[in-house]
Amino acid sequence: MNLHEYQSKELFARYGIPVPKGKVAATADEAASAAESLGGALWVVKAQVHAGGRGKAGGVKLCRSKGEVREAAAKMLGQRLVTKQTGAEGLPINQVYVEVGSGIDRELYLSLLLNRDRSRLSFIASAAGGMDIEEVAEKTPGKILRVEIHPAAGLRGFQCRELAFGLGLKGEQIAEFEKVARGIYQLYLDNDASLVEVNPLIVTKDGHVVALDAKIGIDSNAVFRQKTVSAYRDRAQEDEAEAKAAEHDLNYVSLDGDIACMVNGAGLAMATMDLIKLHGGAPANFLDVGGGATPERVTAAFKLILSNPKVKAILVNIFGGIVRCDIIAQGIVEAVKTVGVQVPVIVRLEGTNAEIARRQLAESGLAITPAKDLTDAATKAVALAKG
């Protein structure tokens, strides 16, 4: 679950991480009033969407009068912002964040995330912060600093200083950076975060370290116990189909193709999508029904994938282990009858009670195409989708 910038900065402030003053607004008039109450002569209006790259996409505007603030907010609100991270459809701008302008001397980068290879949290930092940090990481990886935190020891002072020295900070800035790093570390642990990112972390013209931006992702598996941050959820920023899938405990990700996939197990789902691509097709989704699939969940899965108008064929690939093939077959039959599927359905079943399941499908009288193996299923799905 992702948080908006203004929500992330609310959390930052609770953990003693310095951020510029700002207010969220849902209308142009509210934005102008926010600028009035914040004071000053320079403001930044930022579109609140769950995506990076807002500046290059026109989602961040520098304003020198309250009229410019109102105008910038009016142009953003109600629109959809398209960045490299949103896809072609973009994300809706329902709120903007009005923030006082900052005098920037240097832009740095800082983030905390889980290094799965090492099973440790890692701070990633760079003196080359700002909008092009991805390009820096790709072309000049030597500019990226890393510090891994041992779970038993926690974040140590020497590690904070190592990062601070690497970022070229001096004097009091080193102590200020350590306060920021320790705040981010504690925030990460307390809120079950999956990512905390500050880009840019700035050194102001008067020499202070301030978080100019804030991005926080919360582990979706832990949201149930995070009552405070769960209230921050903005469903308008989420893919509608993916949100519905979560209600039925389905793992679903929308894609751009026309062959819908329903598979049990993430690894098998990835292999299924790879084979579809190998044989000239394009998957419309990633859908893992999991090991506890029931006829009701299979029906929900069919309704979900058919809500995508681009779908021209459905490939069901089930390996019966925890979930029996005959249970899946029962769900497929019920789903096809209930939903009224109008596109070809290709089914490959292997494992526990696979023969019983194939017999159920054959005796159902429904137009379901059987497949003897995964390659056969993928080639038939591609052919039927094109036909």
Side-chain angles (χ1 to χ4, degrees), residues 241 245 248 250-295 297-387:
H248 295 281
L250 299 169
N251 296 312
Y252 179 93
V253 178
S254 296
L255 299 172
D256 296 327
D258 56 12
I259 299 176
C261 306
M262 189 178 79
V263 190
N264 66 324
L268 187 58
M270 295 296 289
T272 302
M273 293 190 296
D274 285 345
L275 272 173
I276 289 173
K277 291 289 289 184
L278 178 65
H279 293 286
N285 63 269
F286 168 98
L287 175 57
D288 173 14
V289 297
T294 63
R297 188 179 293 181
V298 173
T299 300
F302 266 89
K303 289 180 179 179
L304 184 65
I305 56 184
L306 288 173
S307 65
N308 181 355
K310 295 187 293 185
V311 169
K312 295 180 180 178
I314 300 172
L315 171 54
V316 180
N317 182 25
I318 299 295
F319 182 82
I322 298 174
V323 58
R324 303 194 324 259
C325 290
D326 57 315
I327 297 296
I328 293 295
Q330 180 186 346
I332 293 171
V333 172
E334 291 182 10
V336 172
K337 289 180 178 178
T338 303
V339 180
V341 180
Q342 301 299 316
V343 297
V345 178
I346 303 91
V347 179
R348 179 255 184 174
L349 297 169
E350 287 295 343
T352 307
N353 289 354
E355 288 299 329
I356 297 174
R358 295 191 191 101
R359 189 162 58 249
Q360 284 177 308
L361 294 177
E363 294 173 353
S364 68
L366 300 173
I368 296 173
T369 303
K372 60 184 179 181
D373 54 41
L374 183 48
T375 298
D376 184 41
T379 54
K380 286 180 177 176
V382 172
L384 289 170
K386 291 181 177 179

Using 0.5 Å steps for rounding, measure from the [atom1] atom of [X] to the [atom2] atom of [Y].
| X | Y | atom1 | atom2 | answer |
| --- | --- | --- | --- | --- |
| L384 | K312 | CG | NZ | 12.5 Å |
| K380 | T369 | NZ | OG1 | 7.0 Å |
| I346 | N317 | CD1 | CG | 11.5 Å |
| I332 | I368 | CD1 | CD1 | 6.5 Å |
| I305 | S254 | CD1 | OG | 11.5 Å |
| R348 | T375 | CZ | OG1 | 9.0 Å |

Closest heavy-atom pair and its distance - [X], [Y]:
| X | Y | answer |
| --- | --- | --- |
| K277 | A282 | CD-CA, 4.1 Å |
| T272 | C261 | CG2-SG, 4.4 Å |
| D288 | A266 | OD2-N, 3.5 Å |
| R324 | N353 | NE-ND2, 3.2 Å |
| A301 | M262 | CB-SD, 3.6 Å |
| F286 | L255 | N-CD1, 3.9 Å |

**OP:** Count the heavy atoms of every other residue, nucleotide or ligand shown that sit under 6.0 Å from NZ of K310, and state whether that count exceeds 12.
**Re:**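 Atom NZ in K310 is packed in, count exceeds 12.
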
Subject >> D256 CG: over 12 foreign heavy atoms closer than 6.0 Å >> reply: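 Count not over threshold, so no.
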
**OP:** Could you point out which residue of N264, V316, N251, V263 forms a side chain to side chain contact (heavy atoms under 4.5 Å, CB included) with V289?
**Re:**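 Testing V289 for a side chain to side chain contact (heavy atoms under 4.5 Å, CB included) against N264, V316, N251, V263 leaves exactly one candidate, N264.
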
Subject >> Pair R358 + E350: basic N to acidic O under 4.0 Å >> reply: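 The answer is yes: the pair qualifies as a salt bridge.
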
**OP:** For the pair E334 and K337, find out whether any cationic side-chain nitrogen is under 4.0 Å from an anionic carboxylate oxygen.
**Re:**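 Answer for the salt bridge query: no.
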
**OP:** Mind running side chain to side chain contact (heavy atoms under 4.5 Å, CB included) on V333 and L361 for me, showing each step along the way?
**Re:** CA-CA 7 Å; V333 172; L361 294 177; 3.9 Å; yes

